[in-house]
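Following: one structure in structure tokens, then a few remarks.
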There are 2 protein chains.
Amino acid sequence: MTTVTPATAADRTGVSIDTLRYYEREGLIGPIRRSVGGRRQYTEDDLFWIGLVTCFREAGLGIADLREFVAILRAEHSPQDRVAFLRERRASLEQRVAALCRAMEVLDEKIAYYS
Amino acid sequence: MTTVTPATAADRTGVSIDTLRYYEREGLIGPIRRSVGGRRQYTEDDLFWIGLVTCFREAGLGIADLREFVAILRAEHSPQDRVAFLRERRASLEQRVAALCRAMEVLDEKIAYYS
DNA sequence: TCTTGACCTGGAGCGCGCTCCAGATACGAG
DNA sequence: CTCGTATCTGGAGCGCGCTCCAGGTCAAGA
């Protein structure tokens with residue numbers, strides 16, 4: 001299996017090395033395989049997962065949310081639990097979108113006023 | 001002009017008294033009128049403005065953004081500057097929405113998978 | 001008048017999400 | 001083998017956005 005150094009992983013995911021280590025410490029990714037000497041070796045799967053995490057971080061989910069997310073998707077939870085959790089997260093994202101739309105409406109109003 | 005105590009203002013806006021003071025210190029609201037004894041007296045206009053600020057905070061704008069927002073709307077800036085600023089803010093909100101939508105798509109995928 | 005509770009100020013403290021640092025170790029190029 | 005760069009670990013530091021606290025002031029009700 002082809003793997004990649006921390007520097008390359010950081011480069012390809014757009015996440016800093018420090019943050020990658022932080023995410024691993026926090027249980028959001030990995031644990032990442034190590035070389036004999038102890039250096040991290042990121043697989044393509046790791047990179048993909050980091051992409052998912054980044055996607056959710058950008059959407060505003062907190063570290064604790066993501067930890068739970070990881071646990072749900074990895075551990076032995078009943079499908080109902082998983083789906084319930086996922087739906088819950090989806091609902092909160094919808095609320096964020098709603099908040100954003102309200103703010104955009106206000107902006108549009110102001111833009112119209114000053115145009 | 002009818003005014004309202006800090007406690008009532010907090011109650012009606014859903015923003016804590018401490019946070020109201022903080023916003024005022026940061027220049028996001030006010031300065032709020034004071035009674036002879038030095039207590040704050042919030043007008044309806046103040047409450048409305050606090051509502052706007054809250055709306056933008058919920059949409060994820062930072063304190064510095066809002067300070068600039070206030071400056072733009074209050075001070076003597078050319079209409080072009082205002083509109084440019086507002087459009088810029090709107091664009092960044094759109095990006096947030098896009099990030100949220102991406103995350104929701106991922107969630108939907110997982111939901112579909114586990115359903 | 002006295003009590004009680006809301007409010008004042010300035011400043012410290014806190015949780016989050018990184019980010020940086022020191023000191024040690026690994027490893028590829030020459 | 002040596003050098004230089006990349007990486008390792010544990011822990012400190014930081015910016016943001018509040019939140020809390022101490023010590024004092026104000027004001028309405030009994």
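Only heavy atoms go into these numbers, but all of them, side chains included; no hydrogens, no water, no symmetry mates. Note that the coordinates shown come from a computational prediction; the quantities given were computed from them, not determined experimentally. Per chain, numbering begins at 1; letters A, B, ... match sequence-line order.
Atom pair B:Arg67:CZ and D:dC18:P shows a separation of 12 Å (rounding to whole Å applied). The separation between B:Leu66 atom CG and D:dC16 atom P is 14 Å, rounded to whole Å. Here the C1' atom of nucleotide D:dC18 and the CD atom of B:Glu26 are 10 Å apart, to the nearest Å. Rounded to whole Å, atom C1' of D:dG17 lies 14 Å from atom CD1 of B:Ile29. The CZ atom of B:Arg33 sits 18 Å away from the C1' atom of C:dC8 (whole-angstrom rounding). Taking atom CD on A:Glu24 and atom C1' on D:dG10, their separation rounds to 15 Å, with Å as the unit. For the pair B:Ile17 CD1 and C:dG5 P, the interatomic distance rounds to 15 Å; values are reported in whole Å. C:dC7 atom P lies 11 Å from atom CG of B:Leu20, rounded to whole Å.
A close approach under 4.0 Å does not occur between any side-chain nitrogen or oxygen of B:Arg21 and OP1 or OP2 of D:dC21. Side-chain nitrogen and oxygen atoms of B:Arg40 include at least one within less than 4.0 Å of the OP1 or OP2 phosphate oxygen of C:dT9. In terms of phosphate contacts, A:Thr5 brings a side-chain nitrogen or oxygen within less than 4.0 Å of OP1 or OP2 of D:dT7. Not one side-chain nitrogen or oxygen of A:Ser16 sits closer than 4.0 Å to the OP1 or OP2 atom of C:dC18. In this structure, B:Tyr23 reaches the D:dC18 phosphate: one of its side-chain N or O atoms is under 4.0 Å from OP1 or OP2. In this model, the phosphate group of D:dG10 is not approached by any side-chain N or O of A:Arg25 to a distance below 4.0 Å at OP1 or OP2. A:Arg34 has no side-chain polar atom (N or O) that falls below the 4.0 Å cut-off from OP1 or OP2 of C:dA26.
Both B:Arg39 and A:Thr19 lie near DNA chain C, and the one whose nearest nucleotide falls closer to the 5' end is B:Arg39. Of the residues near DNA chain C, B:Thr8 and B:Asp18, the one whose nearest nucleotide (by heavy atom distance) lies more toward the 5' end is B:Thr8.
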Show your reasoning for whether salt bridge (charged side-chain N to carboxylate O under 4.0 Å, His left out) applies to B:Arg40 and B:Glu24.
CA-CA 11 Å; B:Arg40 269 167 266 255; B:Glu24 192 179 350; 2.8 Å; yes
Between A:Arg102 and B:Glu58, is the salt bridge (charged side-chain N to carboxylate O under 4.0 Å, His left out) condition met? List the steps.
CA-CA 10 Å; A:Arg102 281 195 297 276; B:Glu58 283 171 355; 3.8 Å; yes
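No option in B:Ile63, B:Leu66, B:Val15 other than B:Leu66 meets the side chain to side chain contact (heavy atoms under 4.5 Å, CB included) test with B:Val53. Of the residues A:Thr5, A:Thr8, A:Leu20, the one that meets the side chain to side chain contact (heavy atoms under 4.5 Å, CB included) test with A:Tyr42 is A:Leu20.
Residues A:Arg89 and A:Asp65 share a closest heavy-atom pair of NH1-OD1, 3.0 Å.
Checked against C:dC7, D:dC8, C:dC18, the side chain of A:Tyr22 finds its nearest nucleotide in C:dC18. With C:dC8, D:dC18, C:dA6 as the choices, the nucleotide that has an atom nearest any side-chain atom of B:Pro6 turns out to be C:dC8.
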